[in-house]
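Note on naming: letters A, B, ... go to the chains in the order of the sequence lines (proteins, then strands), and numbering restarts at 1 for each one.
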2 protein chains.
Amino acid sequence: MNIGEIARRAGVSRSTVSYALSGKRPVAAGTRKRIQDVIDELGYRPNAAARALKEGRTRTIGLVIPPAGRRLSHMQLDFVASVVEAAAGADLDVLLSPSGGDHDRSFEGLVSGSRVDGVILMEIRLEDARVDRLRQAGLPFVGIGHTADDRPMCWIDVDYAGLIRHTVRHLADLGHRKAALINRSPELVASGYGPALRAREGFTAAVAERGLAGVEVACGEDARSGQETVEDLLRDHPGLTAITTINEAALPGIQRALGDAGLTVPRDFSVTGVAAHSWAEDFRPPLTAADVPALEMGQQAVALLIERIAAPSTPPRHILLAPPISLRSSTGAVPSRRDATAG
Amino acid sequence: MNIGEIARRAGVSRSTVSYALSGKRPVAAGTRKRIQDVIDELGYRPNAAARALKEGRTRTIGLVIPPAGRRLSHMQLDFVASVVEAAAGADLDVLLSPSGGDHDRSFEGLVSGSRVDGVILMEIRLEDARVDRLRQAGLPFVGIGHTADDRPMCWIDVDYAGLIRHTVRHLADLGHRKAALINRSPELVASGYGPALRAREGFTAAVAERGLAGVEVACGEDARSGQETVEDLLRDHPGLTAITTINEAALPGIQRALGDAGLTVPRDFSVTGVAAHSWAEDFRPPLTAADVPALEMGQQAVALLIERIAAPSTPPRHILLAPPISLRSSTGAVPSRRDATAG
DNA sequence: TTGTATGCGTTATCAA
DNA sequence: TTGATAACGCATACAA
C-alpha cells in the first residue's frame, strides 16, 4: 500500500494525495474528502523509511540506557517511561539502545547510521566517551547528568551535591554529630558516575562545614547490600545516629538492618537522602527526602532535545533540578543516650 | 556521508562499494581493501532509511510495553532489558511503544507505518484487540502471554495456573488447611489480564482438589497495598496460615504486615508464589517460589520473532514455561497452635 | 486547484 | 571483476 495506489483509487495525482495529507498546499474540499475516504478504507499510512529518506530526518530519537546486566532503578524506569510518553506526544518514536559492555556496536549504529534525529544519554560519567562521540558526530543530544569538564553541552541533572548537603545540614540542625553517606555501588563510584561523586562532594563539604564526623560507603544496589552495609556501619561506627543516601534500592535493606539492631526510626536513628517518590513513601516511617522528579525529567529531556534538533547551533541550555526536601517522618532529634546504637 | 562519496574516494562505482560491504558478489582483494580503508577513515555507515526503503525491511522490531502510568514490575523491566540485548545481538533495533490509554496512535503508527519488521507484545489480555489488529495487518508478532481463544498465534508465557496449583499442593502437603491467593491489582484482574485469571484458576482448582479453604484477593502493586491486604486477611480470616502470590511488588508489604502481627515466617506462617528471582531472594527468609525467568523469556521472544519474520506463513509456535519451584525457607509445616494467627 | 518530474541513498539487475 | 542504472515511496519545486 503506497501513495500511488491511493492516488489511483481517488483519481488524482500522487502529489495531490501528499499535499492533502500534509496540508502544505490547498486541496479542494471534494478532492480532499475523496482522498481521505480511500485512505480510511485502506488504512494507509505513509512509509516511514521513504519519508525519512526524503526529508533527511527520521522522526525518531535514541534513548541510550545503562547496560542490561545492571537492573535499572525505579527512578530510571520512571524516566524511560516518561521519555517514551513525551516522545509519543511529540510524534517521535523512541529507539532503545543499551550501552557499555559489548554494546558499543549498538551505540555506534545509532550515531553513525542516520538512525535517529537526536539522542538522550542516560547515566553520564564525569568523563564520558559517548559524549565526545556524539559531539564529534554532530548529533544533537541531551545528557541525563553532566560531565566534569565545562565544554558546552545540553543536559538535565539533579543537584545531588546540593541536596545531600542540605540533608546533612538538616541532620546537624537536629543535633546529630556523626552521620554516614550510603553511596551508589562500588562499580559506579569507581567508574566516575557523576551523582555518586557529587553526592560525596556535597556530603564532605557539609560535614566539614558543620563539624560533624562523617563516613562514606559505597553500597550495592539491592536490599541485601543495604542491609550488610548498615550492619557494618553500626558495628564499626559507634555513635553513628544518622544516614543519608542516594541509593534508593538499598533502602529496604537499610530499614531491615536498623530494625534488626533494635533501632526505631526516627527515635533512635534518622534516615534521609534523595530518592524516587515511591521509595520514600514505601519507607517506614516515610522518608524525609528530596524526591527525584523522574517523570518531569523525562518530559524536560525530550523538550530539550526537540529544541536542539530544531536549532542545533544554538548555545546549549541545561537544567539543574533541586527538588525541595519533603519533610516526612524519618528524621528526628539525636537520641539523648549516646549508646542507643549499641542495640 | 553516503555510498557515492565512498565510491568516489576509492575510485570505484557505488555498486562495488555495496557489494564489498554485503559480500554478495566477489570483489578483488585490493579493491576491497581500498574501499574498507576509506570507510574506516570516514566512519561510513549505510543510511538505514534508504536501506529499509530498498530492502522492504527495517531491521527494527517493536516492543509494546504497558502504559507508563502503571510502573513496570521488575520482571517486566528485566524482560525489556533482555529483549533489547537479544535484539542487539541479532543486529536488530528496538522501537519502544507504549500502549493503552491514549497511545493507540503510537501503536497504530507501529503496525501500519511499515515502521518495524515485527512486534513483541507485552502484557496480553485474555481478549486483546491489539492481537486482532496485528493479525489483520499481517505483521509478525510474538505475545508475552496468550489470549483466551485458541486461534493460532505465536507466544511465550509462564504457566501461572500450573505453578500456583503447585504451590498450593506444596502448602497442603505441609498441613495447611486455609490459604490465600494474593493476586495482581484489581484493575488488571478486571481487565482480564491472563496471568491474574490463570493464577486464580490454578488456585481454585488446587484448593478444591485438596479440600482446603481458599480465599483470593486482588492487591495493588506496591508495598503499601500488600501490607493492607495482609492486615485485612489476618483480621477477616482466622485460621489462615499461608499465602501464595503472583504479586511480587506486594511482597515487601506482605512481609511487613506479618512481622507487625508478630508472625514469624515460616514458623507461624508460610508464604510462597511466583516471583522474579531478585524479589524471592530479597524476601526474608528467602521465598520458596517459582522464579520467573524474565531474561530467558526476552531472549526466546526475540528468537521466536526472528523465526516468524523469516517464515511468516509457518504455523506459529508457542512456549509455556514452567520454571521449577525453588525450595527456599519461607514455607514450613502448619503451626500446631491454631490460634497462632490470633497474635 | 492540480499534475509532472526529480532526487533522497541504497540494493540489485543487467551489461560489459 | 566491475560499472551503469532502475527502483523502493515519498515530498516538493516547477509547470499548467
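Where DNA chain D meets chain A (any atom under 4.0 Å from a heavy atom), the bounding nucleotides read 5' to 3' are D:dG9 to D:dC14.
Rounded to whole Å, the distance from CD1 on A:Ile35 to C1' on C:dT2 is 10 Å. Residue A:Asn47 contributes atom CG, which lies 18 Å from atom P of C:dC8 at whole-angstrom precision. What separates CZ of B:Arg14 from P of C:dG7 is a distance of 12 Å, to the nearest Å. Rounded to an integer number of Å, the gap from B:Leu53 CG to C:dG9 C1' is 9 Å.
Along DNA chain D, the nucleotide nearest to B:Arg34 and the one nearest to B:Ala50 differ in position, and the one closer to the 5' end is contacted by B:Arg34. In terms of position along DNA chain D, the nucleotide closest to B:Thr31 lies nearer the 5' end than the nucleotide closest to the other residue of the pair B:Thr31 and A:Ala49.
Contact annotation: B:Asn2 side-chain N/O to C:dG9 OP1/OP2 distance is under 4.0 Å. Considering only side-chain N and O atoms, B:Arg51 lies under 4.0 angstrom from the phosphate OP1 or OP2 of C:dT11.
Between the side chain of B:Ser191 and the backbone N or O of B:Leu188, at least one donor-acceptor pair lies under 3.5 Å.
Minimum interatomic distance between B:Asn47 and A:Ser114 (heavy atoms only, all atoms of both residues): ND2-CB, 3.7 Å. The minimum heavy-atom distance linking B:Ser82 with B:Gln299 is given by the pair OG-N, 4.2 Å.
Here side-chain hydrogen bond (donor to acceptor under 3.5 Å, both in side chains) pairs that include residues 23-35 of chain A, with residues two or more places apart or in two chains, are A:Lys33-A:Asp37.
Using modelled atom types and a 3.5 Å distance limit, the side chains of A:Thr16 and A:Ser13 yield a donor-acceptor pair. A donor and an acceptor atom, one from each side chain of A:Thr58 and A:Asp117, are located under 3.5 Å apart.
When side chains are defined from C-beta on, A:Arg59 does not count as touching A:Asp91, because their heavy atoms never get closer than 4.5 Å. Within the 4.5 Å cutoff, side-chain heavy atoms of B:Ile120 are placed close to those of B:Val302. Considering only heavy atoms from C-beta on, A:Leu92 comes within 4.5 Å of A:Ile306 through its side chain.
DNA chain D lies under 4.0 Å from at least one heavy atom of each of the following residues of residues 15-29 of chain A: A:Ser15, A:Ser18, A:Tyr19, A:Lys24, A:Arg25.
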